[in-house]
There are 2 protein chains.
Amino acid sequence: MSRASEQAYQQIRTHILSGAVGPGEQLTEDRLAQIAGVSRTPVREAVRRLEDELLLVRSESKRLFVADWSRDDIEEMFALRQMLECHAAERAANRLTKGKLASLEAVNRTLRDAIEQPSPDVRRFLEANRAFHEAIIDAAESPRLGQMLAKLVEAPVVLRTARNYTAEDLRQSARDHDELIAAFAARDPEWARAVMGSHLRRAFHSFTNAAGPGGE
Amino acid sequence: MSRASEQAYQQIRTHILSGAVGPGEQLTEDRLAQIAGVSRTPVREAVRRLEDELLLVRSESKRLFVADWSRDDIEEMFALRQMLECHAAERAANRLTKGKLASLEAVNRTLRDAIEQPSPDVRRFLEANRAFHEAIIDAAESPRLGQMLAKLVEAPVVLRTARNYTAEDLRQSARDHDELIAAFAARDPEWARAVMGSHLRRAFHSFTNAAGPGGE
DNA sequence: CGGGTGATATTTGTATACAATAATCACGCC
DNA sequence: GGCGTGATTATTGTATACAAATATCACCCG
């Protein structure tokens, strides 16, 4: 994406995720243009992307609002992500080269570094985690699958930036990744699928436990 | 979508699918604006949609080209569609109301009407077929699933408008739909999933047999 | 004659002005 | 006082002019 358009996208996204505007609030293109410091034209491009990612929604009369995800919405997204990413893991198991496998291992070492400390570096963990999953999706060599997953993976992860992970959550993730790597090394698609399934399902519950009961 | 933008989308889409421009050919926004009879602004909106549907692609320098789908691309899309639509069938089996089931039956009667004639009305068949699958996806009550499938279902179906269906292809489709309806009536998600799976897989082979060997 | 380098043309990206549309509000009527 | 109805305002949609980026081509140098 081009400069202004990309900037608008990033700024607006950050603005929403920071919580500066609450779910359900209206946002006008003019206002977003001010926030992003560009004209309405690139804002409109950015808005289309954000609509596609379901961070913004339109009323039936085309007015813009910050999306308000219900519990059902979130459950749905996790279910879809699980279905698609299990498929990706299966495909990846048949395609990962030695080199890519090695870099997957490297990424997981980084992830461990980030959490095996007195106070875990959640930011680095999230980044490494993102890279890990991205590498698998990439190895699945299915551009459309990747495109679909991109939307599903990004959204909930970033939604709660200040989310509380327990130390155990983080360690279990690292262990899951290890087992995924083992499944890949063994070139066992079924194994990879199964591990990915439980990995994501656990993530779902840990997500709802932390964010759910309080109040969406 | 608004008037000009929607018109641009339809016109450009038709123009591409009609084959007036071949795969790989460049298209400028100006040219598309002429074709659609609107200015470049709504054309850009339309182009974004068509890019998302993968009918248009951009060179690394942002120039526009008609997409050129490889056999792998098509296979990939069918595989994804199968995965997602099987899931939809499963969910639909648990959710379809009596009323919706009845209208599904009605749609399939229309479909039969269209093909049980000396010369089958392929246009009506395609429309009824589309409605049938859409109703199921709708009944799955998963907006994101619907959004994803919309892209996958539309594209290949329309790609070959002049496609040759054998009379047997058409009849088998109707029979598959009957069995799907039976599975829904029995509220048997596994059955529905299985039927949908074979239905789509058959469609894939009939598609590649008809369109594959020749060219493309 | 081949390859690079700069001028020119093509194409996409952005800003802005204006048009169309939908919501809001005030007013009058019942 | 409640409710329709029209004027006003807010917001999105479109066209157009211009800026930035990229490709194309001609020319010169080796």
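The figures that follow rest on heavy atoms only: side chains count, while hydrogens, waters and symmetry mates do not. Each chain gets a letter, A, B and so on, in the order the sequences are listed, and its residues count up from 1.
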Q: Hey, which sits more toward the 5' end of DNA chain C by its nearest nucleotide, A:Glu45 or A:Ser59?
A: A:Glu45
Q: Please tell me which of B:Arg63 and B:Gly37 maps to the more 5' nucleotide of DNA chain D, matching each residue to the nucleotide holding its nearest heavy atom.
A: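 Here B:Gly37 is the residue nearer the 5' end.
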Q: In whole Å, I'd like the distance from the OH atom of A:Tyr9 to the P atom of C:dG13.
A: 17 Å
Q: How many Å lie between CZ on A:Arg58 and C1' on D:dT12, as a whole number?
A: 8 Å
Q: Would you say A:Ser61 reaches C:dA23's phosphate, i.e. side-chain N/O to OP1/OP2 under 4.0 Å?
A: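 The answer is yes; a side-chain N or O of A:Ser61 sits under 4.0 Å from OP1 or OP2.
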Q: Classify the nucleic acid contact of B:Thr41 as base, sugar-phosphate or nothing, counting any heavy atom under 4.0 Å across all strands shown.
A: base
Q: Rounded to whole Å, how long is the line connecting atom CZ of B:Arg49 with atom P of D:dG13?
A: 13 Å
Q: Please check the phosphate of C:dT14 (OP1 and OP2 only) for any side-chain N or O of A:Ser2 closer than 4.0 Å.
A: yes
Q: Exactly one of B:His133, B:Met148, B:Lys151 should register a side-chain contact (heavy atoms from CB on, under 4.5 Å) with B:Arg81. Which one does?
A: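 Exactly one option meets the side-chain contact (heavy atoms from CB on, under 4.5 Å) with B:Arg81, and it is B:His133.
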Q: When the distance from CD of B:Glu60 to P of D:dA21 is rounded to whole Å, what number comes out?
A: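 So the CD-P distance, B:Glu60 to D:dA21, works out to 15 Å.
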Q: Do other residues, nucleotides or ligands put more than 12 heavy atoms under 6.0 Å from A:Arg3 CZ?
A: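 It does not: A:Arg3 CZ has 12 such atoms or fewer within range.
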Q: Consider the side chain of A:Ser5, meaning its heavy atoms from C-beta on, and name the nucleotide among C:dT14, D:dT11, D:dG13 that approaches it most closely.
A: C:dT14
Q: With a 4.5 Å heavy-atom cut-off, do B:Tyr9 and B:Leu50 have their side chains touching?
A: yes
Q: Above 12 or not: heavy atoms from other molecules or residues under 6.0 Å from CZ of A:Arg48?
A: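 Above 12, so yes.
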Q: The side chain of B:Asp30 is closest to which nucleotide in this list: C:dT12, D:dT12, D:dT14?
A: C:dT12
Q: How many Å lie between CZ on B:Arg3 and P on C:dA22, as a whole number?
A: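 Those two atoms, CZ and P, are 13 Å apart.
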Q: Look at B:Ser39 and D:dA15 and indicate whether a side-chain polar atom (N or O) is within less than 4.0 Å of OP1 or OP2.
A: yes
Q: Which one, D:dT12, D:dT14, C:dA15, comes nearest to the side chain of B:Ala4?
A: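 Of all the options, the side chain of B:Ala4 is nearest to D:dT14.
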Q: What contact category does B:Leu27 fall into here, base, sugar-phosphate, or nothing, at under 4.0 angstrom with non-hydrogen atoms?
A: sugar-phosphate
Q: Mind calculating the distance between CD (A:Gln34) and C1' (C:dA15) to the nearest angstrom?
A: 15 Å
Q: Roughly, in whole Å, what's the span from NZ in B:Lys62 to C1' in C:dT10?
A: 16 Å
Q: Could you state the atom-to-atom distance from CD of B:Gln26 to P of D:dT24 in whole Å?
A: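 So the CD-P distance, B:Gln26 to D:dT24, works out to 8 Å.
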Q: State whether A:Glu127 and A:Arg130 are salt-bridged, where the test is any N-O pair (Lys NZ or Arg NE/NH1/NH2 against Asp/Glu carboxylate O) under 4.0 Å.
A: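 Answer for the salt bridge query: yes.
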